[in-house]
Novice: 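Below you'll find the structure I mean.
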Amino acid sequence: MPAKKVQEPRMADFRRFAQLQEMLRVSCTCVREFTRRRFDALAKEAPDLADDCKELKELQASNSLLDLGRHVHGIESLVQRIETKEKLRIIFIGPLKAGKSSLINLLLSSSLPNFEMLLPVDNKAATNCIWKVESSPERRGCVFWNDVLQKEWLLDDLHPEVLRTDMAHFLEEKFAREANPSGHGEICIQVPLDVFNPFGCHYSLVDTPGFTESEEYRRLVQRFLQDHSHIACMVCPLTEGTAVPERTQKMLELNSYSKTFWVLTRYDLAMTLKPGKKFKGMTKRQAADGLVSQFRREIGSSLARVFVHAGGLLQDPDDEANEVLQKHLPLDEAQSWLRDIQNYVKEIFMLQQQEQMVLGSQSRTAMHRMAELTDEYRKRLNSSQGSVAASDYYAQEMQAAVEDAAADLEREVRQEIETVRTDILQELCKRTGDEVNEEGGPGKWIRHKYIEKLLSKLVPKIETEMQTRLDSAMMRAQEKTFKVAMRLLKEAGLDASRASPLLLGGVVGAAVAGIALLGFGAKYALEAHPFWTRDTANKEVVAEIQRTNHWGILSQVASARGKSQLLSNAARFRYKFSELLLSNGASTEVLRSLFPDLSLLEKVKAKLYFCCRDIEEFLEAEALGERAYRDLSSCSLKIVQRDWLSIVDQTSAYVEENVRTDAVQGGILASLFALRTEALVRSRMLREARHTVTIFSKAFPRSYSGLGLRRLCGYFVALP
């Protein structure tokens with residue numbers, strides 16, 4: 001297995017995140033179609049429910065189904081919110097002819113066998129208009145001009161390749177050079193994911209006109225940047241001579257709203273330029289790299305992510321001139337640059353969604369909407385509003401309890417963090433300093449080496465101490481809400497034992513953000529201190545850590561995440577309470593005779609519940625980056641001891657469905673999979689071994705050689 005390949009970005013967390021987004025959209029769409037009584041549409045969205053939908057379709061004419069019309073608006077709003085928020089949105093900003101359209105075309109084509117051009121380039125209409133390419137959940141392609149439909153293609157009637165070709169020809173002809181060179185507006189292209197799927201999730205790519213000095217242009221771009229869901233891609237051609245002209249600086253002033261990254265285009269063309277005096281005597285590749293370094297300096301911010309792009313080479317690698325360039329820039333390397341851009345965009349998108357708690361909030365809302373549907377059936381069963389009023393009353397009581405617990409949690413979090421910052425930090429620093437001193441080596445005698453080693457050991461200790469304290473605070477808040485839930489169930493005369501497993505979510509999860517001290521150790525490497533003591537060094541380290549602003553940020557993040565968990569508890573309570581209230585005192589047979597669609601409702605509810613459970617597990621999954629190294633060391637020792645079952649238990653966390661492993665170093669994760677597979681084969685647990693090999697192949701698709709499990713099993717069994 002090539003060691004280099006297992007170190008490449010894996011993006012398994014993103015794929016699972018996008019999958020959960022789609023699962024939630026499907027589940028909520030099923031609920032919407034159920035409330036609309038559109039059983040054909042429901043069956044199309046969820047083929048596993050087709051038989052139930054067919055039976056109910058035949059009953060619709062008899063008017064024996066409950067009217068759920070008043071719930072349609074609520075669930076429709078949720079579905080629209082999901083479809084809007086789940087999209088990965090990028091706005092491309094740059095000067096005229098910077099290569100924005102070409103970059104979008106290459107991103108769109110990245111999932112296809114060959115490059116295909118969708119957006120026209122070198123087009124006067126493209127110069128004046130906003131071009132937007134969006135994925136669509138529907139199986140049709142559409143082109144809109146200022147929200148007016150221009151043409152539509154049905155995917156069921158066309159092969160995806162034919163649809164792509166037809167759309168590209170239509171765009172080129174409809175918006176040709178002479179068509180409307182002075183017009184302003186928005187051209188929106190909607191395509192199904194089956195046609196273009198560059199990111200593995202729904203997306204919206206916005207190609208803006210080239211920079212102008214007009215106020216109209218500033219307002220046009222600012223409209224997108226002020227929407228926090230947009231990622232800004234600043235496109236700068238290396239052939240322009242400067243990365244940040246005056247007009248670009250003005251655009252950056254607008255861009256305080258969005259996450260930003262830079263793409264330096266035309267690297268391939270930069271290699272063909274005659275080197276200036278500064279780069280005289282260099283090879284073509286060295287001169288182009290020199291330009292990249294110059295642009296990076298002009299961009300300035302050390303935090304800015306800057307990528308290089310060679311669009312001309314990727315579009316036509318067989319061109320005679322490009323074949324010559326490949327002697328200096330291999331095609332594989334240029335393709336890897338495009339993959340780096342895609343992977344970074346996915347990372348930013350998932351970070352945005354987590355920061356805004358989008359997925360968790362949407363799943364909680366979905367559970368509330370489902371509880372309201374269940375209340376509707378209970379109301380009809382009792383022919384009164386009493387039980388529904390009771391349900392609302394108890395839900396409000398639970399919500400109030402959660403708000404109180406969240407307020408207490410916020411106070412406790414601030415207190416615990418302040419205690420660590422002011423009292424515990426000095427003690428931890430002294431204890432860690434003693435450990436460094438006992439280990440000896442340069443860290444005992446050289447001041448900056450001592451500080452570097454002290455920090456490397458101290459920061460994990462701070463995070464562990466913080467995590468322990470925050471977990472305890474979270475547990476206390478969970479217990480408060482649990483007691484209230486049990487009391488409310490008892491007051492309602494319901495069986496609390498049937499609901500209690502659903503009322504406690506992840507009791508641990510107010511995850512600690514890393515204490516970032518990058519550059520602190522390096523600062524002291526430049527200072528000469530012939531006379532120093534450990535006590536003074538410890539005091540300086542403590543003072544520097546205490547001065548950082550991470551403490552306030554950590555308090556906000558931990559409190560927000562804890563409150564999110566408590567709100568999830570309230571949503572689960574409302575969901576389960578309505579279910580218990582409906583079935584209390586009535587048999588399943590009676591309920592289904594009164595409500596013929598109850599069986600389908602239960603299946604739709606189950607689909608939504610398991611989706612929401614998976615979302616919560618994923619969002620609260622343990623960070624395995626630090627743990628993985630310890631597990632590998634432990635399993636390596638156990639393999640010598642031939643303790644196979646213990647290895648299987650210790651590595652089980654890495655193969656769970658909602659696990660998050662992208663933070664684990666590739667080589668360590670691959671080794672853990674290998675040790676687990678060997679332990680499973682040795683224990684004759686071949687089905688689990690096959691499952692682990694499948695997970696490995698998905699985590700490292702470019703490394704997996706297709707080694708069959710039969711050969712793998714034979715190899716391990718043959719070992720002594």
Side-chain angles (χ1 to χ4, degrees), residues 13 16-17 20-21 23-25 27-28 78 81-82 85-86 228-229 349-371 395-417 466-467 469-482 484-485 501-514 552-577 608-623 658-660:
D13 294 357
R16 182 57 178 163
F17 180 80
L20 289 170
Q21 280 189 321
M23 287 169 58
L24 183 62
R25 186 196 67 78
S27 298
C28 290
L78 176 60
R81 177 184 161 200
I82 291 171
K85 287 289 186 180
E86 75 176 356
H228 291 262
S229 64
F349 175 60
M350 195 162 77
L351 180 61
Q352 277 183 331
Q353 295 280 295
Q354 289 175 303
E355 287 177 350
Q356 299 171 19
M357 300 180 185
V358 173
L359 199 57
S361 172
Q362 290 171 347
S363 66
R364 288 194 298 271
T365 303
M367 294 186 76
H368 280 301
R369 295 288 178 264
M370 181 55 76
Q396 290 169 8
E397 285 285 296
M398 187 65 188
Q399 187 71 22
V402 164
E403 295 291 345
D404 290 343
D408 292 342
L409 176 63
E410 186 176 359
R411 285 192 294 271
E412 288 191 45
V413 165
R414 285 201 301 267
Q415 291 170 0
E416 295 290 0
I417 290 176
M466 200 91 71
Q467 189 70 67
R469 289 173 172 269
L470 296 184
D471 285 349
S472 297
M474 188 65 204
M475 179 70 81
R476 291 191 291 273
Q478 294 275 22
E479 288 175 350
K480 291 175 185 176
T481 58
F482 184 75
V484 172
L502 292 177
L503 298 179
L504 273 179
V507 292
V508 177
V512 175
I553 296 172
L554 176 58
S555 177
Q556 294 172 8
V557 171
S559 298
R561 193 164 183 181
K563 183 174 182 178
S564 176
Q565 284 189 11
L566 294 173
L567 289 171
S568 293
N569 283 355
R572 279 194 301 274
F573 173 81
R574 175 70 188 275
Y575 176 91
K576 191 62 182 177
F577 189 90
L608 176 64
Y609 168 72
F610 288 118
C611 172
C612 293
R613 183 200 62 184
D614 284 347
I615 288 172
E616 187 166 353
E617 287 180 2
F618 177 81
L619 295 178
E620 303 301 337
E622 177 186 1
N658 296 308
V659 68
R660 299 173 69 169

Novice: How would you list, by chain and number, every residue that makes a salt bridge (charged side-chain N to carboxylate O under 4.0 Å, His left out) with D614, sequence neighbours excluded?
Specialist: R16
Novice: Taking only residues two or more places apart in sequence, or in another chain, which ones meet R414 in a side-chain contact (heavy atoms from CB on, under 4.5 Å)?
Specialist: E410, R411, S555
Novice: Apply the side chain to side chain contact (heavy atoms under 4.5 Å, CB included) test between L409 and each candidate in M474, K480, Q565; give the one that qualifies.
Specialist: M474
Novice: Could you tell me the separation between the CG atom of L619 and the OG atom of S568, rounded to the nearest 0.5 Å?
Specialist: 8.5 Å
Novice: Which distance, rounded to the nearest 0.5 Å, do you find between the CG of L608 and the CE of M370?
Specialist: 5.5 Å
Novice: Closest heavy-atom contact between A366 and L24?
Specialist: CB-CD1, 4.4 Å
Novice: Rounded to the nearest 0.5 Å, what's the gap from OG on S363 to NE2 on H368? Could you check?
Specialist: 9.5 Å
Novice: Kindly write out the residues that satisfy side-chain hydrogen bond (donor to acceptor under 3.5 Å, both in side chains) with Q362, not counting sequence neighbours, or none if the list is empty.
Specialist: none
Novice: Please report the interatomic distance CZ(R476) to CG(D471), rounded to the nearest 0.5 Å.
Specialist: 10.5 Å
Novice: For R613, give me all partners under side-chain hydrogen bond (donor to acceptor under 3.5 Å, both in side chains), at least two apart in sequence or on another chain.
Specialist: none
Novice: What are the two closest heavy atoms between T481 and A405, and how far apart are they?
Specialist: CG2-CB, 3.8 Å
Novice: Nearest 0.5 Å, what's the CZ-CG distance between F17 and N658?
Specialist: 12.5 Å
Novice: First locate atom CD of E616, then atom OG of S564, and finally report the distance between them rounded to the nearest 0.5 Å.
Specialist: 8.0 Å
Novice: List in chain and number order the residues that pass side-chain hydrogen bond (donor to acceptor under 3.5 Å, both in side chains) with K563, two or more places apart in sequence or in another chain; answer none if no residue qualifies.
Specialist: none
Novice: Considering residues at least two apart in sequence or located in another chain, which fulfil the side-chain hydrogen bond (donor to acceptor under 3.5 Å, both in side chains) criterion with D404?
Specialist: none
Novice: Do C28 and R81 pass the side chain to side chain contact (heavy atoms under 4.5 Å, CB included) test, and can you show the C-alpha distance, the side-chain angles, and the key distance before you say yes or no?
Specialist: CA-CA 11 Å; C28 290; R81 177 184 161 200; over 6 Å; no
Novice: Would you say the side chain of Q399 lies within less than 4.5 Å of the side chain of L567, judging by non-hydrogen atoms?
Specialist: yes
Novice: Quick one: closest heavy-atom pair of R660 and F618, and the distance?
Specialist: CD-O, 3.2 Å
